Structures are given as C-alpha cells and as structure tokens.
Amino acid sequence: NVELNPEKGMLTVAGNHYRFKDNIVVMEAGRRIAITELASVDELTVMGMGDRAYYIERSKGHGTLLLQNADAFVGGSFYIDGKKAEEVKGDMNLTIREGNYRFAIECGDLYAENFLAISKDTVVQWDLSEFLPEEPVFGRVEFLLEPTDAKLYIDNRIQENTAFAELEYGEHIIGLYKDGY
C-alpha cells in the first residue's frame, strides 16, 4: 500500500517511510510521470538510500471501477477475488490496480458477481441492475362494498369474488352496480 503526502515530502510504501524532494524521478514504462499520479494500489519499486527516496518506478498502475445502481446493496460487502475489500455505500468509484479480477457484492439475499479487467487510467462500469430482484407486477386490492350485494366490475368484467382481487400494476376501471343505486 502506498501513502503519499506531497506537502510533507513523505512516501509510505508497505509500512516503510521515505522522504523525497520535489525533483524525485518517477517513471513508468520509460516515461516520466508526476508523483501525484500514483495511487495506493499501484505496484512500485522505490530506490533510495536510508530513508530518502530518489527514484520510483510504477510497474502496475490503476483504473477505476464504477458501481452503478448499487442502492439495494448499501451496507453489504464488496469482495475482490474472494477477499472483503469494503462496505458498499451505494454508487461508488473504486480505485483498483490494473489486472483481471472476480468482483462480488452481497447484501442479505442479494448477490452479484462479475469477472472484469481493470486497465490503467480507464473507468470500468458495472451496472448492478440485472442482479436486483424483479418488482412484483401484481397487487392485492381489498373491497368493502356498500351495499354488500352490489356487483363488482373491474375493467368492465364482473367479478365473482367481491372481497379482493389480484390486479396487475397500473390503472383500472372499477365499477359497482345494483338496481336502485
């Protein structure tokens, strides 16, 4: 894990603390990059003497995993290759080291899993809506008829059971008929 504090000129890599100056050389694939481009998940080689870092080589960078439609998973757990990484807080941007991973999310009875490749400096979107439970398409409606022997019509069809009906979600025409009313 990398922690960078440019204001203090401090770099912590895997628990080791290094001081650096503004002119530190940071390289990746033969080109110079800014030290501010480093992230805690990057794979680095640090060269120096004692507690002073003079050169950093980034061998693996990072990308972003964007969780979308994750509200139903809030409070659940997010896993990377079977290891718990953090709690789900809704739609999230996660900084992930480049590579191929098995991501999983679970919250109660909900479970989602996906194999995704994270590339350096890219955003990978994972839409969780396909893992959400389907919303019910029917609702139960209870009727209290006055007078109780009136005929109940739903969408112009007489109903045998006048106590309740299972109706598909949406609009319906409800009618009551009794001679004299």
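Just so it is clear, the structure is predicted and the values come from calculations on it, not from any experiment. Just the heavy atoms: all of them, side chains too, but no hydrogens, waters or symmetry mates, feed the values below.
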Under the side-chain contact (heavy atoms from CB on, under 4.5 Å) test, residues paired with [X] that sit two or more places apart:
X    : value
D51  : R19
F143 : V141, L145, L152, I154, A165, I174
A29  : none

Separation between [atom1] of [X] and [atom2] of [Y], rounded to the nearest 0.5 Å:
X    : Y    : atom1 : atom2 : value
L128 : L132 : CG    : CG    : 7.0 Å
K151 : E160 : NZ    : CD    : 10.0 Å
N93  : Q125 : CG    : CD    : 9.5 Å

pair [X]-[Y]: side-chain heavy atoms closer than 4.5 Å:
X    : Y    : answer
L66  : Q68  : yes
E3   : M10  : no
F20  : I35  : yes
I118 : L65  : yes
F103 : W126 : yes
Y111 : F131 : no

Only pairs under 3.5 Å count here: list side-chain donor-acceptor contacts from residues 73-85, not counting sequence neighbours, and write none if there are none.
{"unit_1": "S77", "atom_1": "OG", "unit_2": "K84", "atom_2": "NZ", "d": "3.4"}
{"unit_1": "Y79", "atom_1": "OH", "unit_2": "E106", "atom_2": "OE2", "d": "3.0"}
{"unit_1": "D81", "atom_1": "OD1", "unit_2": "R102", "atom_2": "N", "d": "2.8"}

Please set out all donor-acceptor pairs under 3.5 angstrom arising from side-chain atoms of residues 55-64, sequence neighbours excluded.
{"unit_1": "Y55", "atom_1": "OH", "unit_2": "E57", "atom_2": "OE1", "d": "2.6"}
{"unit_1": "R58", "atom_1": "NE", "unit_2": "E28", "atom_2": "OE2", "d": "3.0"}
{"unit_1": "R58", "atom_1": "NH1", "unit_2": "E37", "atom_2": "O", "d": "2.9"}
{"unit_1": "R58", "atom_1": "NH1", "unit_2": "D42", "atom_2": "OD2", "d": "3.1"}
{"unit_1": "R58", "atom_1": "NH2", "unit_2": "E28", "atom_2": "OE1", "d": "3.0"}
{"unit_1": "S59", "atom_1": "OG", "unit_2": "E43", "atom_2": "O", "d": "3.2"}
{"unit_1": "S59", "atom_1": "OG", "unit_2": "E43", "atom_2": "OE2", "d": "3.1"}
{"unit_1": "H62", "atom_1": "ND1", "unit_2": "D42", "atom_2": "OD1", "d": "2.7"}
{"unit_1": "H62", "atom_1": "ND1", "unit_2": "D42", "atom_2": "OD2", "d": "3.4"}

Would you check if the side chain of [X] reaches a backbone N or O of [Y] as a donor-acceptor pair within less than 3.5 Å?
X    : Y    : answer
Q159 : R157 : yes
D155 : I173 : yes
D71  : G90  : no
N114 : L116 : no

Worked check of side chain to side chain contact (heavy atoms under 4.5 Å, CB included) between Y153 and Y177: CA-CA 8 Å; Y153 289 84; Y177 176 79; 4.0 Å; yes
Would you name the heavy atoms of [X] and [Y] that are closest together and state the gap between them?
X    : Y    : value
T122 : S119 : OG1-O, 2.7 Å
Y101 : I96  : CE1-CG2, 3.5 Å
D91  : A70  : OD1-N, 3.0 Å
A53  : V46  : CB-CG1, 3.8 Å
L94  : M92  : CD2-CE, 3.6 Å

Chi angles and distances behind the side chain to side chain contact (heavy atoms under 4.5 Å, CB included) call for V25, M27: CA-CA 6 Å; V25 176; M27 301 291 289; 3.7 Å; yes
Taking atom CG as the centre, does D22 end up with more than 12 heavy-atom neighbours from other residues, nucleotides or ligands that are less than 6.0 angstrom away?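 Check fails, neighbour count at 12 or below.
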How about K89: does its NZ atom have over 12 heavy atoms from other parts shown lying under 6.0 Å from it?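 Count over threshold, so yes.
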Who pairs with D121 by salt bridge (charged side-chain N to carboxylate O under 4.0 Å, His left out), at least two apart in sequence or on another chain?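 Partners of D121 by the salt bridge (charged side-chain N to carboxylate O under 4.0 Å, His left out) criterion come out as none, since no residue qualifies.
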Does the pair L67 and I105 meet the rule for a side chain to side chain contact (heavy atoms under 4.5 Å, CB included), with working shown? CA-CA 10 Å; L67 299 180; I105 300 177; 3.9 Å; yes
